[in-house]
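Quick notes on the structure that follows.
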Amino acid sequence: MTQINPKVQYRDDYQAPHYWIDTLDLDIQLHDNATQVVAISRVRRNGEHDEPLVLDGEQLTLLQVAVNGIDISQYQQTDSSLILSQLPQEFVLTIKTELDPAANTALEGLYKSGSAFCTQCEAQGFRRITYYLDRPDVLARFSTRITADLATCPYLLSNGNKVDEGTLDDGRHWVQWQDPFPKPAYLFAVVAGDFDVLRDSFTTLSGREVALEIFVDKGNLHRAEHAMDSLKASMTWDEQRCHLEYDLDIYMIVAVDFFNMGAMENKGLNVFNSKFVLADANTATDADYLDVERVIGHEYFHNWTGNRVTCRDWFQLSLKEGLTVFRDQEFSSDLGSRTVNRIQNVRTLRGPQFAEDAGPMAHPIRPDAVIEMNNFYTLTVYEKGAEVIRMLHTLVGETAFQRGMALYLQRFDGQAATCEDFLSTMSEASGRDLTRFARWYSQSGTPVLQVSDNYDASSQRYTLTVRQHTPPTLDQPQKLPLHIPLSVALYTQQGEPLMLTLHGESVSPILDVMEAEHEFVFENIPTRPVPALLQSFSAPVKLEYDYTDAQLTLLAKHSIDEFVRWDAVQMLINNAVRDNVSRLQRPQTEQQSQQTVQLPQALLEVFSATLDDQSLDAALQAEMLALPDINSLLELFEQVDISVLGQVHAELQLALAQALTPLWRRAYQQHLTPQYRIDHQDIGKRALKNVALSYLALAGDGGLAQTQYQQADNMTDTLGAMKAAVRAELGEASAMLADFEHKWQHDGLVLDNWFRLQATAPGEDVLARIAQLMAHPTFSLNNPNRVRAVIGAFVNGNPLAFHRLDGGGYDVLVSVLIALNKSNPQIASRLITPLIQFARLDDVRQGLIKDRLNQLMALPELSGDLYEKIAKALA
Ligand code: B3K
Ligand code: ZN
């Protein structure tokens, strides 16, 4: 590492700002290469002190500074700040800067997406627009005047309400916006360009009329309707479930093609990755439809949890993100299947989130030390953060939770709050002591719950002994016991649920595990029961209980809680994987080395029972019948040869395909959906049908996939067919791929499916294929969606090829990282994840990876984003 000077910021060092900014009037003259920004702010000293005003600013050309209208020249400038001293108590500060949006490939601050101008300011992008106190606890009233070319930018948008507009003689025009709500700079946005606009309106519960506008690229209007429906559904849901109304007269969403993440909740003007807006039957899969609904909801819900009440500092990020993810999960669960949503969220936790929490980037949901804030928009802050809120909800119940939410929003409205503020409000509203629970905010790593049990027939008592410990993580060697809600049910050996009683009273199924070891005794239990533990995944922990296959079979067939049924199947699969891997890894005799994977009878039985069970919702059946991916299975081992794991995974799948062929065929036939409709029932049917198709393809049936591909009237079935054929390496696959490319080469978002599928496909020639995909005319390293579809999919979704023993997979990633380190460090830093999470791999692969990490560390001008992760991985 040669150049950067990575500065670590610590949560404990928080200090209130030395100055406040009450208003900011921006005048932005948009030009591709020389945009000029005049920023006039009213500044006020915070208390009595002589500290200078240190404004953040990066990659700006400073043209003018004036205090109370008088130009000054005594200021200091660094790479990242402008320092002004000897200032009056209160003053008007004028700063004029120039910047180059067209050259901004990092997509942070003001940049160009195609021919449109747009901004991304969270976390610290505003400092690339003007010098400012770019921190979330400085809240100002913004007004924004935008001037641009009328022909290329007929729409000029910013936060709040449009208050004035006009045209100029030189072919340019201007619009003036005023946002009545004080906000931190990260919620500022500007968009300028030419769009098609979908318009609608919403009447709030109290009878206010809100204009809704969705801006999309010309020609895409018909693909915005689902987004509009989702927006109205979100507004209704927040009113009904949380009694929260929207507060401005207008809500705008703009879809852009160049965007580093999913979407951004700027006040009144959300900017979205077009992937999460555009959807119609021809181009979007069922999953895309649900994703649009979820992300539209998430950004809308931020208006209260994030915008009206924001974060005091970036270490508190989970205060808005964990809470808002919880809200979007509840929204999706109320609109669709609660169980299926839960399963999908749990897959993310047990796979990538657990891996993050065990890897070099492990951090608490409220981190303590940060170099690059963008590195902390993580699964831990978001998904585990949402689990922490969910546990709180479980502990206090819906009524007290909503009471606490109302109190929190009322008490901190218009302010920047902390996680402690949230917890203490919840504690006050519910009357629960949350002192120990608060450790979830400060402790990283995934806790392990070891459960053992004892049944005493003579006293009819059943005792569960629960031990908890959290393995050390790189950031925290010592761990403390947490407050863990453990949801349990007990079943008879016949699968009948048992009442939980203690001292003659019925007890809650939620056990409060508080200490390192705890005993819970249940009375009046007539026979040795089968425990269902961690129902609905009541806490983000690893459960260890020595289930027999018979017990798991019983739970998979009879549990009342559907989540438990799915989870029992997962545990059966995990057992099968563990057993087979250890058998194959054992030193073998000549004869044994011919051995192949063994399919346990219990797994076969549960799969066929699931396929036979007409009472189950098809979407749930589909989830129960899909194996976890290889990366998630890695979490079952301390260290493992990933190629052996891959072999076991593939052979188990093949064995299930072959053993149950007639059942797969029947499931396929029974779940055909004659006409394409987007409703939850049909989405479930298509999911199950396509799972069946993928097993049938593995069993060698290429004709069925081909027929489905040819007859499909929607993208889900088209892709389902193509995926089945590609994954099973059927001869039919190449014609489908060629046809798909021919049809969709003009549409990057649709072609991303084609990129992803090939980047994750099996085969010896993957590396050559990746090179070909990167040379495709639709591919560009400057477009994050394309990069994610090819490189992201390859490194995360093709672990066997990525972890090739010749290191070729790693080299592909390294060369992309070297390019993106300069052009878009945020995307580079996202992509490096599988290269730093190497602890579970064998020593040979770990060695290969460390060589590559050292190579990257030596790069001239390594970005802080990559530096932070590589340094930790090599520590
Ligand atoms: N708040 C944004 C994320 C910003 C990421 C900055 N690197 C979107 C969201 O979580 O809703
Ligand atoms: Zn968010």
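One is the number of the first residue; the rest follow in order along the sequence. All ligand and atom numbering here is 1-based and tracks the order in the structure.
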message = Between E293 and K232 (salt bridge meaning N to carboxylate O under 4.0 Å), is one present in this structure?
response = no
Within the 6.0 Å centroid threshold, strictly below: Y111 and F258 = no
Check ligand 1 for close polar pairs with the protein: N or O on both sides, less than 3.5 Å.
unit_1	atom_1	unit_2	atom_2	d
ligand 1	1 (N)	E122	OE1	2.5
ligand 1	1 (N)	E265	OE1	2.8
ligand 1	1 (N)	E265	OE2	3.4
ligand 1	1 (N)	K320	NZ	3.4
ligand 1	1 (N)	E321	OE2	3.1
ligand 1	7 (N)	N374	OD1	2.9
ligand 1	10 (O)	H298	NE2	3.4
ligand 1	10 (O)	E321	OE1	2.9
ligand 1	10 (O)	E321	OE2	3.1
ligand 1	10 (O)	Y382	OH	2.5
ligand 1	11 (O)	E265	OE1	3.3
ligand 1	11 (O)	H298	NE2	3.1
ligand 1	11 (O)	E299	OE1	2.8
ligand 1	11 (O)	E299	OE2	2.9
ligand 1	11 (O)	H302	NE2	3.2

request  = Angle at the Zn ion (ligand 2): provide the value between OE1 of E321 and NE2 of H298, rounding to 10 degrees.
outcome  = 110°
remark   = d(N270 CG, H298 NE2) to nearest 0.5 Å is 10.0 Å
query = Do NZ/NE/NH1/NH2 and the carboxylate oxygens of D313 and R135 come within less than 4.0 Å?
reply = no
query = Taking NZ, NE, NH1 and NH2 as the nitrogens, is one of them in K267 or D179 under 4.0 Å from a carboxylate oxygen of the other?
reply = no
Presence of N, O or S from E265 under 2.8 Å of the Zn ion (ligand 2) = no
ask   = Under 4.0 Å between a Lys/Arg side-chain N and an Asp/Glu carboxylate O for D328 and R294?
value = no
query = Does E330 pair with R241 as a salt bridge, N-O distance under 4.0 Å?
reply = yes
